[in-house]
Amino acid sequence: MRKSIATVSVSGTLIEKLEAIAAAGFDGVEIFENDLLTCPLPPEEIRARAADLGLGIDLYQPFRDFEAVPADRLERNLRRAGHKFRVMERLGADLLLVCSNVSPQAAGDDELAAAQLRLLAERAAEHGIRIAYEALAWGRHVNEYLHAWRIVHMADHPNLGTCLDSFHILSRGSDPIGIEAIPGEKVFFLQLADAPLLAMDVLQWSRHYRCFPGQGGFDVAGLVRHALNAGYAGPLSLEVFNDHFRQAETGRTARDGMRSLIALEDTLYGAAHPAVPTGFAFAELAGPGSLSGVLSALGFARTGTHATKPVELWEQGGARLLLNATGSATGSATGSATGSATGSATGSATGGDPALVAIGLDSPDPGAAVKHAESLLSPVLPRERAPREARLDAVAAPDGTQIFFCDTAWLDGFGPSGPVPGEITRIDHVALTQPWHQFDEAELFYRSVLGLSPQESLEVPDPYGLLRSKAMADPGGRVRMVINLAQVGTEDLRWQHVALACDDIVAIARRLRAEHPDLLLPIPANYYDDLEARHDDVDPELRELGVLYDRDEHGEFLHLYTVTVGRVFFEIVQRTAGYQGYGAANAPVRLAIQHAGHH
Ligand SMILES: O=C(O)c1ccc(O)c(O)c1
Ligand SMILES: [Mg+2]
């Protein structure tokens, strides 16, 4: 389908926006009036630049507060519209978005609204222009899409149709099934935006928190399906007002928008994800020395050294960690030695401190997984194949973390290794703090490229700010990823952690307290006083051991944390009876203690 995007969705000047939008592969744009008014070029030149870039100008918008007004205001509104029509002719745009009137002067009179919109459509027709009437969710009288359609139907003019906007429809909780009652050819335009599910004033929600489909909580694909069923054949056009997108890198946001539409089309056409990962093969930590002591203390044993690279394999139960002694941007030793070529941020951000640089995922079909990732515009990392080295398919996540799709052959590079019995059974989850402007991009990446489904979304208080957190998991709960966004004053908080699953955390905690008392994060007595006030059946030994506790409707969660080394710390977790969360209630306690250790 034709893919478009409103210029308001990305940062930059109008020309920068057009260039980035074209580079990302879009077919067309909606030009926002503000971008035109602030552009030094005349409309004819903007038109020429767009044409040179291969972009159609699919829509010009918005035209506000037109309909259902007193006669004197109608005259002024028509005069204003006439001016816009001439601008649009110079621009080569033939569709004008008119959004429903928000003014207190508007009358709640559908017949008046229809008559005046008909008049507008007649004037527009003289210029070869069509009008798409859109119900804003906060319109004074018209704020439901079917209401806007009733007025369009009543006005009955070939140059007047409706514009559907997924945000306005879904934010009000309207059922999008009603779209199927609108003749497809009368839907002149379809705007798409997702949003996190927030309980707030709808105008503020729309103007600051919209995001690309697949980054929020709306079923945007479901709505599009209704429009297609109705016979809609126009563009899918992203229209996103977002405070972060307005500041982020233009090209990157445009590409992410394109990724979102490609993923949406995959959903629409029922393309099943070709290779959802089935488990963690490994987590790779780069940075010399200090981590091996922590791993030994946690019960890991070094079981192999890579044939050609300074990388060690450490194992315990089904958990595998790679220690990469280089700690440099050359990144993962398992597959490519040139991850930096993709613009990986990992190395430079690490600055030599231990950091998590790569995640290996057990994949039912690594080749298909990487092809799918590539179709979603993820940078595929170059592969090197040294003797005895497994060929590995990898892509870069938005923050530069390398994601490897593995079959079991990757282990061959480390020579024969036997099972290492121990208390740890496997990797439970990996948590990565994202740069502030890449959080939404990371969510879309993990959802679309890996096929993970969103779980809980939280805001966690930290002593110096607020941490936004989002969890995602595969259907079997074997691959769990948590992405965090640190909004913590001036400090660049970039912690990452690997959570390790076990079946008896009390035994592990007893041993660690006895043998490595400085390794564990100390938990305040106030925490346990409160815990005992909330639950009268919690094992009192948890207090002595510093084990944290949570429960949900399914089961219990016990966990503890190590101190942080470089950017990395470890968590040990024990889930019982299908507990699905991550101990969110305890996150503020952890953050406060971690910060205390850093000051
Ligand atoms: O926020 C607004 O005013 C606004 C304007 C035009 C639109 O298409 C829209 O969805 C919202
Ligand atoms: Mg809109």
Side-chain angles (χ1 to χ4, degrees), residues 3-10 17 28-38 57-67 77 80-81 84 87-88 93 95-104 106 117 120 130-149 151-152 160-174 176 179 182 187-195 198 200-213 216 218 220 223-224 226-227 232 234-246 257 260-261 264:
K3 298 184 184 71
S4 304
I5 185 169
T7 54
V8 74
S9 314
V10 300
K17 290 176 187 217
V29 284
E30 299 175 35
I31 291 200
F32 248 70
E33 183 157 273
N34 192 54
D35 283 312
L36 180 105
L37 300 187
T38 56
I57 298 178
D58 292 346
L59 183 94
Y60 182 72
Q61 76 139 325
F63 193 69
R64 297 186 188 276
D65 297 337
F66 174 79
E67 81 285 15
N77 285 352
R80 192 159 56 91
K84 300 302 168 200
V87 169
M88 289 173 67
L95 188 60
L96 175 67
L97 184 150
V98 173
C99 47
S100 60
N101 203 324
V102 300
S103 162
L117 282 166
L120 182 67
R130 299 184 307 150
I131 305 291
Y133 180 55
E134 173 192 47
L136 294 179
W138 54 91
R140 181 94 169 98
H141 300 285
V142 178
N143 41 46
E144 289 276 355
Y145 74 100
L146 286 175
H147 191 179
W149 159 239
I151 290 170
V152 165
L160 179 68
T162 189
C163 168
L164 300 175
D165 178 322
S166 64
F167 179 88
H168 295 303
I169 296 171
L170 300 174
S171 65
R172 294 183 56 95
S174 304
I179 293 171
I182 308 174
V187 180
F188 281 4
F189 210 69
L190 177 57
Q191 296 176 314
L192 303 181
D194 201 341
L198 303 169
M200 71 185 297
D201 170 70
V202 76
L203 185 148
Q204 299 299 334
W205 190 14
S206 176
R207 295 253 173 100
H208 301 280
Y209 296 93
R210 287 188 183 210
C211 53
F212 292 137
F218 291 152
V220 181
L223 182 143
V224 174
H226 293 308
Y232 175 72
L236 301 181
S237 189
L238 299 168
E239 188 203 32
V240 169
F241 307 86
N242 179 297
D243 296 0
H244 283 177
F245 291 14
R246 286 181 189 272
S260 131
L261 287 182
L264 184 118

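Ligands are counted one by one from 1 in listed order, and the atoms in each one are counted from 1 as well. As the structure is a computational prediction, the values presented were derived from the model and not from experiment.
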Verify, without hydrogens or angle tests, whether [X] (side chain) and [Y] (backbone) share a donor-acceptor contact under 3.5 angstrom.
X: Thr162; Y: Tyr133; result: yes
X: His168; Y: Tyr145; result: no
X: Glu67; Y: Ser100; result: no

Which one holds for [X] and ligand 1: side chain close, backbone close, both close, or neither close, with close meaning a heavy atom under 4.0 Å?
X: Leu97; result: side chain
X: Glu33; result: neither
X: Phe167; result: neither
X: Trp138; result: side chain

Give the atom numbers and elements of ligand 1 that come within less than 4.0 Å of a heavy atom of [X].
X: Gln191; result: 8 (O)
X: Leu136; result: 4 (C), 9 (C), 11 (C)
X: Arg210; result: 10 (O)

Taking the Mg ion (ligand 2) as the apex, OE2 on Glu134 and OE1 on Glu239 give an angle, to 10°, of 170°
If you compare Arg64, Glu30, Arg207, Glu239 by their heavy atoms, the one closest to atom 8 (O) of ligand 1 turns out to be Glu239
Exercise for review: Take Ser103 and Asp65 through the test side chain to side chain donor-acceptor pair (under 3.5 Å) and record every step on the way to the result.
Suggested key: CA-CA 6 Å; Ser103 162; Asp65 297 337; 5.5 Å; no
In this structure, atom 6 (C) of ligand 1 is nearest to the protein heavy atom Gln61 OE1, 3.0 Å
re atom 10 (O) of ligand 1, the protein heavy-atom contact at minimum distance is His168 NE2, 2.7 Å
Would you check if [X] and [Y] make a side-chain contact, meaning some heavy-atom pair closer than 4.5 Å?
X: Phe32; Y: Gln61; answer: yes
X: Leu97; Y: Gln191; answer: yes
X: Ile57; Y: Val29; answer: yes

Q) If you measure from the Lys or Arg side-chain nitrogens to the Asp or Glu carboxylate oxygens, is any gap between Asp165 and Arg210 under 4.0 Å? A) yes
Can you tell me if, anywhere in Gln191, an N/O/S atom lies at a distance from the Mg ion (ligand 2) that is smaller than 2.8 Å?
yes
